[in-house]
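Numbering starts at 1 and runs along the sequence shown. Just so you know, ligand 1 is whichever comes first in the structure, and atom 1 is the first atom listed for that ligand.
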Amino acid sequence: MSFLPENKKKSYGVYRGRFAPSPTGALHFGSLVTAVGSYLDARAHGGQWLVRIEDVDKPRTLPGAADTILRTLEGFGFEWDGEVLVQSRRLDLYHAALAHLQLNGEAYPCACSRSEIKSASSQTSVDGGLRYPGTCRNGLPEGRDARAWRLKMFDRDFNFFDRIHGMCRQNVDREVGDFVLLRADGQYAYQLAVVVDDAAQGVNAVVRGVDLLDSTARQIALQQRLGLPTPSYAHLPVVINAAGEKLSKQTLAPAVDPAQGSAILAAAMQFLGHPLPAEMRGASLFDFWNWAISAWSIERVIRAIASNSGKAEKLSTGVI
Ligand code: GLU
C-alpha cells in the first residue's frame with residue numbers, strides 16, 4: 001500500500017540528469033568529460049539522462065554544430081532518454097518566465113551600456129565582469145530606453161550543497177549584483193533559460209563543469225523567484241590546456257572523434273579518477289560502458305581533485 005499520490009509516486013526518487021552542450025563547436029575532450037560524468041552519474045543511479053542543445057545565445061551558435069555533437073555522442077555509445085530539447089525553439093517559455101518576474105516587480109529594465117557600467121562600478125563580479133552597481137534599479141534615468149532586463153537581488157547569502165565541493169556560499173547581490181535576464185541584443189540570458197528548462201524537463205540532478213559553480217547561486221535565486229524546485233548539484237573538474245585555459249572552442253580545443261573508440265573515453269574516466277583496469281584496455285564500447293557504469297563513484301572524482309591539488313579547478317564561489 002502506498003500513501004503517495006499517483007503523480008508523486010512516478011517522480012519520487014527517480015534521478016533525472018542532463019547534458020546541455022552549447023553548439024558553439026564540435027565536442028572536445030573537455031565537453032566529453034562532462035558528458036561522461038553526467039551520463040554515468042545518471043546511469044549509476046538507475047536514472048534518466050537527457051540531452052539539451054543550449055543554443056539560446058544565437059551569436060555564439062555555429063550552424064551544424066548541434067548535429068555534429070549529437071552524432072559524436074551517438075558514435076561513442078551514449079544513449080539519451082526522450083527527445084533532444086533545443087532552446088531556440090522554446091523562447092515562449094523564457095518569455096513567460098520573464099513576464100512573471102516583470103509583473104511581480106522582481107525584474108526591472110536597465111538602460112546601461114557596458115561603458116556606463118564600467119565607469120560606475122569598480123567591483124569585479126565572480127564571472128570576471130563587473131558587479132552591476134544598481135543604476136536603474138529604482139527606475140530608468142530620464143529620457144533613456146530599456147536595453148536589458150535584470151533581476152533584483154537582495155543582500156543575502158545563498159548556501160547550497162555541491163556533491164563534490166560540499167557546502168558553498170555566495171552572496172549574489174554583493175558578488176554579481178542584479179544580473180541580466182534579457183540581454184541588450186534581445187537574447188535571453190543563459191541563467192534564465194537553464195532554470196526554466198531544468199524545471200520543465202524535471203531535471204533533479206545537475207552534473208556539469210566547475211566553471212558553472214559560480215552560476216549556481218544565481219540559478220537558485222531564479223528558481224526561488226519562479227517557484228521552481230532546486231536540483232542537486234555536482235560540479236566536475238574542468239580540463240585545462242598547457243596554458244592553464246579551460247578547453248573550449250575559443251582555446252582551439254581539437255574535436256574528439258568516435259573513431260578514437262573507448263581509448264578517449266577511458267582518458268575521460270582517468271581524468272575523473274577512474275583509471276581503466278589493465279585488462280579492459282582496447283575494450284569494445286559495450287564492455288567499456290558496462291565497466292564504467294558499475295565503477296562510477298563521485299568519491300573517486302573528489303579524490304582525483306584532491307590529488308591534483310585543485311590544479312584543474314577554477315573556483316571563486318566560496319566553498320565552506
Ligand atoms: N550550455 C552550457 C555549456 O555548454 C552548460 C550549461 C549547464 O550545464 O548548466 O557550458
Side-chain angles (χ1 to χ4, degrees), residues 15-42 48-62 65-70 72-73 78 80 84-90 94 97 126-128 160 162-165 168 170 179 181 183 187-223 226 228-240 245-251 253 255-256 268 312 314 317:
Y15 178 117
R16 194 178 265 212
R18 47 64 160 188
F19 175 55
S22 303
T24 54
L27 204 72
H28 52 74
F29 184 66
S31 35
L32 183 71
V33 163
T34 307
V36 166
S38 66
Y39 184 62
L40 290 177
D41 203 58
Q48 296 175 336
W49 187 70
L50 314 176
V51 173
R52 181 168 77 226
I53 299 295
E54 297 208 322
D55 60 348
V56 77
D57 188 349
K58 251 191 257 148
R60 285 186 60 224
T61 297
L62 193 75
D67 279 347
T68 311
I69 291 172
L70 293 176
T72 307
L73 289 174
F78 289 90
W80 54 86
V84 172
L85 193 139
V86 180
Q87 286 191 324
S88 57
R89 301 189 194 138
R90 298 169 59 76
Y94 313 141
V126 287
D127 51 15
F160 59 92
D162 182 278
R163 291 169 53 215
I164 294 174
H165 299 280
C168 298
Q170 189 185 80
F179 58 92
L181 302 173
R183 299 178 356 189
Q187 310 286 308
Y188 288 99
Y190 153 71
Q191 309 292 357
L192 180 69
V194 81
V195 161
V196 168
D197 285 338
D198 279 342
Q201 294 189 283
V203 168
N204 55 16
V206 170
V207 178
R208 59 186 177 188
V210 74
D211 52 320
L212 291 166
L213 187 64
D214 284 338
S215 286
T216 306
R218 268 172 279 178
Q219 292 171 16
I220 294 173
L222 264 172
Q223 288 152 5
L226 291 166
L228 302 173
T230 292
S232 69
Y233 288 101
H235 286 87
L236 301 169
V238 295
V239 184
I240 52 178
E245 306 153 326
K246 182 192 156 207
L247 293 195
S248 70
K249 191 189 152 216
Q250 288 75 30
T251 59
V256 287
K314 180 180 142 288
T317 290

TODO: Could you tell me which atoms of ligand 1, counted from 1 in the order shown, lie closer than 4.0 angstrom to a heavy atom of Arg208?
DONE: 7 (C), 8 (O), 9 (O)
Task: Residue portion contacting ligand 1 (non-hydrogen atoms closer than 4.0 Å) for Tyr190 - done: side chain
- [ ] Report yes or no: do Arg208 and Thr216 form a side-chain donor-acceptor pair below 3.5 Å?
- [x] yes
Open item on the list: Is a donor from one side chain sitting under 3.5 angstrom from an acceptor on the other, for Gln223 and Thr230?
Closed with: yes
Open item on the list: Check this for me: does any side-chain nitrogen of one of Arg60 and Asp55 sit under 4.0 Å from a carboxylate oxygen of the other?
Closed with: no
Open item on the list: How far is atom 10 (O) of ligand 1 from the closest protein heavy atom, and which atom is that?
Closed with: Leu212 CD1, 4.2 Å
Open item on the list: Between Tyr188 and Asp57, is the side-chain hydrogen bond (donor to acceptor under 3.5 Å, both in side chains) condition met? List the steps.
Closed with: CA-CA 7 Å; Tyr188 288 99; Asp57 188 349; over 6 Å; no
Task: Within-cut-off N or O pair, Glu54 and ligand 1, under 3.5 Å - done: yes
TODO: Look up atom CZ in Phe19 and atom OH in Tyr39, then write down how far apart they are to the nearest 0.5 Å.
DONE: 13.0 Å
- [ ] With atom 5 (C) of ligand 1 as the reference point, say which of Pro23, Gly30, Ala20 has the nearest heavy atom.
- [x] Ala20
- [ ] Specify the protein heavy atom at minimum distance from atom 7 (C) of ligand 1: its residue, its atom name, and the distance to 0.1 Å.
- [x] Arg18 NH1, 3.2 Å
Task: Atoms of ligand 1 close to Val194 [distance to a heavy atom under 4.0 angstrom, numbered from 1] - done: 9 (O)
Open item on the list: Between Gln201 and Arg52, is there a side-chain donor-acceptor contact under 3.5 Å, judged purely by atom types and distance?
Closed with: yes
- [ ] Kindly confirm or rule out an N or O of Asp211 lying under 3.5 angstrom from an N or O of ligand 1.
- [x] no
Task: Shortest protein heavy-atom distance from atom 3 (C) of ligand 1, along with the residue and atom involved - done: Ser22 OG, 3.5 Å
TODO: Could you check Asp41, Val210, Val207, Val36 and say which one makes a side chain to side chain contact (heavy atoms under 4.5 Å, CB included) with Leu236?
DONE: Val207
- [ ] Between Val206 and ligand 1, find which residue part has any heavy-atom pair under 4.0 Å and reply side chain, backbone, both or neither.
- [x] neither
